[in-house]
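Notes follow once the structure below has been shown.
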Amino acid sequence: MAKNITSQEKDYSQWYLDIIREAKLAQHSPVRGCMVIRPNGYALWENMKAELDRMFKETGHENAYFPLFIPKSFLSKEAQHVEGFAKECAVITHSRLINSDNGVDVDPDSRLEEELIVRPTSETIIWDTYRDWIQSYRDLPILVNQWANVVRWEMRTRLFLRTMEFLWQEGHTAHATRQEAEEETRRMLEVYKTFAQDFMAMPVITGVKTESERFAGAEDTYCIEALMQDGKALQAGTSHFLGQNFAKAFNVTFQDSDGQLKHVWATSWGVSTRLIGGLIMTHSDDHGLVLPPRLAPTQVVIVPIWKNEDERSTVLSYIAPIRAALLAQGVRVKLDDRDNLKPGWKFTQYEIEGVPLRIAVGPRDAQSGNAELARRDTREKSIVPSAGLAQQIPGLLEEIQSSLFNKALERTQQGTHVAATYQEFRQILDEKGGFVYAHWDGTAETEAQIKEETKATVRCIPFDNPHDTPGECMVTGKPSPRMVLFARAY
RNA sequence: CGGGGCGUAGCGCAGCCCGGUAGCGCAUCUGCUUUGGGAGCAGAGGGUCGCAGGUUCAAAUCCUGUCGCCCCGACCA
């Protein structure tokens, strides 16, 4: 095990923090609950963002940007929405500082006439704007996404998983009919599922949230849920069918082809830097980060080995065509020819940083026409001929990608249980954790009781439900139309 | 907001109980030797011990206050 990394078995929470620190993904900021995303972490986010952005555009969306500040009055317009976010808003009250004995103080004379809210999400300001954009059914649909930061004043934070400020994308669409909006909600959930599974190699369950877990202001919230290595679930993305709630609150109407004035139907959907936390907890191990090749900022690192200037030039010229062939194939390759660090140090460091493949080349390889190839996921090493090596790399990267997914899928399946009784339910949670299917009577009271007694929540009512048969609630014995998916969650 | 922990060199920490001129590892700089799994030797630089009071001849250490961060719980993506 790499030094400075606590083992998962000893303390999963500490392991997670150690990985982030040692892989240089992020660090705590001077401000409580905020983080500095370091270049390694940001490069990962940029790759995730690039793929998602491409997928959004393929489904007809355009990017726009709405302001960070929202008039306080906007938040009060949709009743459920206010209730959901009121307790975690940063409020701007003043606009100036003045010099004082302590350095600077807020200038009491600069109090704002209307206080501003730092967006916790942008529905309100966007729907206030959409009112101006929409008159006729010919103006619909509006399919807009924005990449932005948002602020939620959280009591307890964890790097990437829950920070006071985080980066995300929020899609906000407007439609003429309920059906079209519902289809959009489901379409974007599928986009998230595809992204999670095909790029992050993170298997997810799709489903609908219960009323108590629903987004504030939504009629329905759909989600992707993933199971982490420690048996806790992570909500990795949400897509909301907002009905006409925001259209009514912000008076957004359109004249339909039948001449009638109607309220617009809405959706919103988002994923955030929280996904990075999910990525870490899906694949990484006690040796460091493990990154899926499709998102890894560096896919292949080449470490040359030499003892003297002659060997250095021999090895580097031996490597040059390999590197060129990789670049020509679009492989993200990095050559680390620094002379102040030993090869062994580099091996360890790139393992900590999660680079999927490493090629090491020394004088012996240059002599024999070989190279040493090492996989991060399995940590297998092999000596391979350098001829044709570069051409095999893209296939190998894809093999690693699918191997990571399959391993995570198997872990998720093995971590998914079925509980017939409440006693069994509690036993599974305490002994194994993981996803637990169980019958529930569908009431918020019972849900709250289960949460209180077991810390587990209904993660979702899965769409593709293997236990879609009626039964009796494990707590109350009342009728239950189907089992739902429970877990303790982040 | 409750419980726990921590603020000492760029990073990670010891020293505090029992007061006496601030230490260790990593990193940095110089030189030589090294380079196939976190190199070795020799030397060097770097700290108002979170902050403010107090006790004392003397405070990183004892007392009081204060600020901040992290972790575990009540809320949430």
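Please read all numbers here as calculations on a predicted model, not as lab measurements. Chain naming here is simple, since letters A, B, ... match the order of the sequence lines and numbering starts at 1 in each.
Applying the ring-ring contact (aromatic ring centres under 6.0 Å, His included) rule to A:Y437 yields the partners A:H467; only residues at least two apart in sequence or on another chain are considered. Scored by the ring-ring contact (aromatic ring centres under 6.0 Å, His included) test, A:F405 finds no partners at all (sequence neighbours excluded). Not a single ring-ring contact (aromatic ring centres under 6.0 Å, His included) links A:F241 to another residue, sequence neighbours left out.
Outside the 6.0 Å centre-distance limit, the rings of A:H81 and A:W127 are not counted as a close aromatic pair. Checked against a 6.0 Å centroid threshold, the rings of A:F160 and A:W45 do not count as neighbours.
Under the side-chain hydrogen bond (donor to acceptor under 3.5 Å, both in side chains) criterion, the residue pairs touching residues 361-371 of chain A are A:S368-A:N370, with sequence neighbours excluded. Screening residues 343-370 of chain A for ring pair (Phe, Tyr, Trp, His ring centres under 6.0 Å), with sequence neighbours left out, gives no hits.
Separating the P atom of B:rC57 from that of B:rG45 is a span of 36 Å, rounded to the nearest Å. Remark: the separation of the C1' atoms in B:rA58 and B:rC67 is 28 Å, to the nearest Å. Comparing the same atom, C1', in B:rA77 and in B:rG53 gives a spacing of 45 Å after rounding to whole Å. Nucleotides B:rC69 and B:rC41 are separated by 40 Å at their C1' atoms, to the nearest Å. Distance noted for atom P between B:rG47 and B:rA74: 45 Å (whole Å). Only the P atoms considered, B:rC26 is 15 Å distant from B:rG43, to the nearest whole Å. Remark: the separation of the P atoms in B:rC13 and B:rC6 is 11 Å, to the nearest Å. B:rC16 and B:rA60 have their P atoms separated by 14 Å, given to the nearest Å.
Pairing of B:rG2, defined by two Watson-Crick or G-U wobble distances under 3.5 Å, is identified with B:rC72. When both distances must be under 3.5 Å, the Watson-Crick or G-U wobble mate of B:rA39 is B:rU33. If you check B:rC16 for Watson-Crick or wobble pairing at under 3.5 angstrom, you find it has no partner at all. The partner of B:rA44, taking Watson-Crick or G-U wobble pairs whose two distances both stay under 3.5 Å, is B:rU28. Nucleotide B:rU61 forms a pair with no other nucleotide shown, judged by Watson-Crick or G-U wobble geometry with both contacts under 3.5 Å. Nucleotide B:rU56 has no partner under the Watson-Crick or G-U criteria, as no pair reaches both atom distances under 3.5 Å. The base-pairing partner of B:rU66, taking Watson-Crick or G-U wobble contacts with both distances under 3.5 Å, is B:rG50.
Along RNA chain B, the nucleotide nearest A:A489 and the nucleotide nearest A:P363 are compared for position; the residue whose nucleotide lies closer to the 5' end is A:P363. Projected onto RNA chain B by closest heavy-atom contact, A:Q349 and A:W168 fall at different nucleotides, the more 5' of which corresponds to A:Q349.
Contacts between residues 192-218 of chain A and RNA chain B, defined by a heavy-atom separation under 4.0 Å, are absent. Of the residues in residues 369-388 of chain A, those lying under 4.0 Å from RNA chain B by heavy-atom distance are A:E372, A:K381.
The separation between A:R21 atom CZ and B:rG10 atom P is 17 Å, rounded to whole Å. Counting to the nearest Å, the P atom of B:rG37 and the CG atom of A:D336 are 16 Å from each other. A:R162 places its CZ atom 12 Å from the P atom of B:rA74, with the value rounded to the nearest Å. Residue A:E225 contributes atom CD, which lies 11 Å from atom P of B:rA77 at whole-angstrom precision.
Among the nucleotides B:rG36, B:rA77, B:rC76, the one closest to any side-chain atom of A:D365 is B:rG36. Nearest nucleotide to the A:Q235 side chain, out of B:rA77, B:rG38, B:rG36: B:rA77. If you check B:rC75, B:rG38, B:rU35 against the side chain of A:I352, the one that comes closest is B:rG38. Nearest nucleotide to the A:K342 side chain, out of B:rG38, B:rC76, B:rG36: B:rG36.
Ion pairing of A:R488 with A:D430 is present here, as a side-chain N (NZ or NE/NH1/NH2) and a carboxylate O approach within less than 4.0 Å. A:K346 has no carboxylate O lying under 4.0 Å from a charged side-chain N of A:D337, or vice versa, which leaves the two without a salt bridge. A:D230 and A:K232 are not joined by a salt bridge, as no carboxylate oxygen comes within less than 4.0 angstrom of a charged side-chain nitrogen. Under the 4.0 Å criterion applied to side-chain N and carboxylate O atoms, A:R187 and A:E184 are assigned as salt-bridge partners. Ion pairing between a basic and an acidic side chain is recognised when a charged N comes within 4.0 Å of a carboxylate O; A:E183 and A:R186 show no such pairing. A salt bridge between A:K49 and A:E46 is absent, with no side-chain N of the basic residue lying under 4.0 Å from a carboxylate O of the acidic one.
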Please report, to 0.1 Å, the donor-acceptor pairs under 3.5 Å made by any side chain of residues 166-173 of chain A, with sequence neighbours excluded.
{"residue": "A:W168", "atom": "NE1", "partner": "A:E170", "partner atom": "OE2", "Å": "3.4"}
{"residue": "A:Q169", "atom": "OE1", "partner": "A:Y192", "partner atom": "OH", "Å": "2.5"}
{"residue": "A:Q169", "atom": "OE1", "partner": "A:V271", "partner atom": "N", "Å": "2.8"}
{"residue": "A:Q169", "atom": "NE2", "partner": "A:N145", "partner atom": "OD1", "Å": "2.7"}
{"residue": "A:E170", "atom": "OE1", "partner": "A:S122", "partner atom": "N", "Å": "2.9"}
{"residue": "A:E170", "atom": "OE1", "partner": "A:S122", "partner atom": "OG", "Å": "3.4"}
{"residue": "A:E170", "atom": "OE1", "partner": "A:H172", "partner atom": "NE2", "Å": "2.8"}
{"residue": "A:E170", "atom": "OE2", "partner": "A:S122", "partner atom": "OG", "Å": "2.7"}
{"residue": "A:E170", "atom": "OE2", "partner": "A:Q146", "partner atom": "NE2", "Å": "2.9"}
{"residue": "A:T173", "atom": "OG1", "partner": "A:H175", "partner atom": "NE2", "Å": "2.6"}
{"residue": "A:T173", "atom": "OG1", "partner": "A:T267", "partner atom": "OG1", "Å": "2.5"}

Side chains of residues 203-211 of chain A: which donor-acceptor pairs under 3.5 Å do they make with residues two or more places apart or in other chains?
{"residue": "A:K209", "atom": "NZ", "partner": "A:E225", "partner atom": "OE2", "Å": "2.7"}
{"residue": "A:K209", "atom": "NZ", "partner": "A:Q235", "partner atom": "OE1", "Å": "2.9"}
{"residue": "A:K209", "atom": "NZ", "partner": "A:R459", "partner atom": "O", "Å": "2.9"}
{"residue": "A:T210", "atom": "OG1", "partner": "A:S212", "partner atom": "OG", "Å": "3.4"}
{"residue": "A:T210", "atom": "OG1", "partner": "A:E447", "partner atom": "OE2", "Å": "2.7"}

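For a distance-only test at 3.5 Å, the side chain of A:R358 qualifies as a donor-acceptor partner of the base of B:rG37.
Residue-level contact check: A:R338 touches neither bases nor backbone, having no heavy atom under 4.0 Å from any strand. Using a 4.0 Å heavy-atom cutoff across all strands shown, A:L234 reaches no nucleic acid atom at all. At the heavy-atom level, A:Y490 lies nowhere under 4.0 Å from the strands shown.
At least one side-chain heavy atom of A:T282 sits less than 4.5 Å from a side-chain heavy atom of A:R411.
A:E9 and A:S7 share no donor-acceptor pair across their side chains, judged by distance under 3.5 Å alone.
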Nucleotide-resolved protein contact map, nucleotides 67-73 of chain B, B/S/- at heavy-atom distance under 4.0 Å: --SSSSB
Take nucleotides 27-33 of chain B nucleotide by nucleotide from the 5' end and write B, S or -, depending on whether a protein heavy atom sits under 4.0 Å from the base, only from the sugar-phosphate, or from neither. -------
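No more than 12 heavy-atom neighbours from other residues, nucleotides or ligands sit within 6.0 angstrom of CG on A:D464.
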Check nucleotides 42-44 of chain B against the protein and report each pair of N or O atoms closer than 3.5 Å, with its distance, or say if there are none.
none

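Checking each of A:R379, A:H287, A:R376 against A:E351 for a side-chain hydrogen bond (donor to acceptor under 3.5 Å, both in side chains) leaves exactly one that passes, namely A:R379.
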